[in-house]
Amino acid sequence: MASIKDVAAEAGVSVATVSRVLNGHPSVSEDARRRVTAAVTALGYRPNAVARSLRTDQTRTLGLVISDVLNPYFTELARSVEEEARELGYSVIIGNADERPDLQDHHVRTLLDRRIDGLLVSPTDGGSPLMLDAARAGTPMVFVDRWIPGVDVPVVRADGREAVRDLVAHLHALGHRRLAIIAGPAATTTGRERVDAFREALADFGLELPGVYIGQGDFQAESGRRVTEGFLDLPEPPEVVFAADNLMVLGALDAVRARGLRVPDDIALAAFDDIRWFVHTDPPITAIAQPTGELGRAAVRALIDRVEGRAGASVTLPARLVVRRSCGAHPTAVQRSTS
């Protein structure tokens, strides 16, 4: 029976190229694709996934542990991961941590027990000894969106600092001076990073971030509602509430409406993590958009590099500001900013 090496020799290409052709990967040239297809036909080659797994000790399966499957950002991320993995000949098993470190570690342990070839994780916090041990043991691993400092694995993420500065510049130009933030969990890198970026951007425009204008959320809608209620009860409420993720801004919107207030006339709202729903809210919500699909695809490629013995590189992509009407922008300004 012909092997994949026989096909590669017949076609005059590498084994990796044969694998890409068989898995339908778009990066292969048409000439190489034709030669591999002809060799497969001539030799009668038939790939056998079970036999391949036994020979290579690989299952062609990746694990993905995401922070919250109900968060549209992570849902889109998971979809792009699954699509890219499928194109490269891998399946994906997904575990939902629900922003709980114990549940995250349960999924990681279960996936490792199932002999996955590699692991993608968006950590719920920075203190998981299980993932540190797995990385030290040589488990192919990549962090996506969030990461754990001190764990030496590639990180695929978006850098939102410039986009946050663009947001503050936009708010400043509209005349807003009292800006507050609903922060994500301080145990997560994204929770800390977004507060730091917001504070630095405010300083660039001569503005401060008082402690009363920092509300501690948990990336869930209920915390956004609770924190916003606290902001509205202040003797001098903020003019703008910036939520560090999409679910918390929806909770903030609920709190504002429950008081009979209007956005943006009485208070402005903005969010990190744009989602498709935001164009359907009234008013549509200004948000910072991450290149979610690109992040998912890049994370899979970095992980497969690790699985196949290559180094795998960290990837950082820029986020961007999408201006809508929730901060008081005139529709013509919205059109220029989102075109």
Side-chain angles (χ1 to χ4, degrees), residues 71-73 158-184 190-191 193-205 207-210 213-217 219-221 223-232 237-257 259 261-290 292 318-331 333-338:
N71 186 321
Y73 167 78
D159 185 348
R161 287 186 181 271
E162 283 302 313
V164 170
R165 192 184 187 284
D166 290 342
L167 171 64
V168 173
H170 169 65
L171 297 171
H172 190 271
L174 292 171
H176 298 303
R177 297 295 182 267
R178 300 194 308 275
L179 281 61
I181 184 169
I182 308 173
T190 49
E193 186 179 68
R194 291 169 191 176
V195 173
D196 291 343
F198 191 59
R199 181 183 287 109
E200 291 169 8
L202 289 174
D204 288 344
F205 289 89
L207 303 176
E208 294 184 355
L209 183 60
Y213 282 180
I214 304 174
Q216 188 59 60
F219 290 142
Q220 301 292 320
S223 70
R225 183 196 59 77
R226 171 180 47 78
V227 170
T228 302
E229 288 179 345
F231 287 153
L232 295 174
E239 298 167 313
V240 181
V241 173
F242 171 48
D245 93 321
N246 50 50
L247 295 182
M248 292 193 299
V249 83
L250 294 177
L253 183 60
D254 287 342
V256 170
R257 287 175 171 169
R259 297 287 181 101
L261 302 176
R262 295 171 299 173
V263 177
D265 299 348
D266 299 307
I267 189 167
L269 295 179
F272 205 104
D273 283 342
D274 193 23
I275 55 176
R276 297 177 184 179
W277 304 344
F278 284 171
V279 299
H280 302 297
T281 60
D282 185 19
I285 296 175
T286 290
I288 291 171
Q290 300 195 72
T292 315
R320 64 184 179 90
L321 175 64
V322 179
V323 175
R324 300 191 180 99
R325 297 200 310 274
S326 64
C327 297
H330 190 275
V334 174
Q335 186 174 7
R336 287 197 300 272
S337 298
T338 58

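Starting from 1, each residue takes its place in the sequence as its number. These values consider heavy atoms only, across backbone and side chains, with no hydrogens, waters or symmetry-generated copies. No experiment lies behind these values; they were computed from the predicted model shown.
- In this structure, Gln216 contributes its side chain and Gly184 its backbone to a donor-acceptor pair below 3.5 Å.
- The backbone N or O of Pro237 sits less than 3.5 Å from a side-chain atom of Arg178, completing a donor-acceptor pair.
- When atom types are taken as modelled, the side chain of Thr292 and the backbone of Gln290 share a donor-acceptor pair closer than 3.5 angstrom.
- Residue pairs meeting the side-chain hydrogen bond (donor to acceptor under 3.5 Å, both in side chains) criterion with at least one member in residues 242-255, sequence neighbours excluded: Asn71-Asp245, Asn71-Asn246.
- Qualifying side-chain contact (heavy atoms from CB on, under 4.5 Å) partners for Arg259, counting only residues two or more places apart in sequence or in other chains: Glu229, Leu232, Asp233, Leu261.
- With sequence neighbours left out, the side-chain hydrogen bond (donor to acceptor under 3.5 Å, both in side chains) criterion links Arg161 to Glu200.
- When all heavy atoms of Ala244 and Phe219 are compared, the closest pair comes out as O-CE2, 3.8 Å.
- The main-chain N or O of Arg225 is never found under 3.5 Å from a side-chain atom of Thr228 such that the two would form a donor-acceptor pair.
- The heavy-atom pair separating Pro283 from Pro264 by the smallest distance is CG-CD, 4.1 Å.
- Contact detail for Ala252 and Ile182: the closest heavy-atom pair is CB-CD1, 4.1 Å.
- Contact record, His176 with Cys327: NE2-O, 3.0 Å, taken as the closest heavy-atom pair.
- Proximity of a side-chain donor or acceptor of Ser326 to a complementary backbone N or O of Thr286 within less than 3.5 Å is detected.
- Across all their heavy atoms, Ile285 and Ala270 have their closest contact at CG2-CA, 4.4 Å.
- Residues satisfying the side-chain hydrogen bond (donor to acceptor under 3.5 Å, both in side chains) test with Arg165, not counting sequence neighbours, are Asp204.
- Every residue meeting the salt bridge (charged side-chain N to carboxylate O under 4.0 Å, His left out) condition with Arg262, not counting sequence neighbours, appears here in chain and number order: Asp265, Asp266.
- In this view, Pro210 and Val212, Tyr213 satisfy the side-chain contact (heavy atoms from CB on, under 4.5 Å) rule, not counting sequence neighbours.
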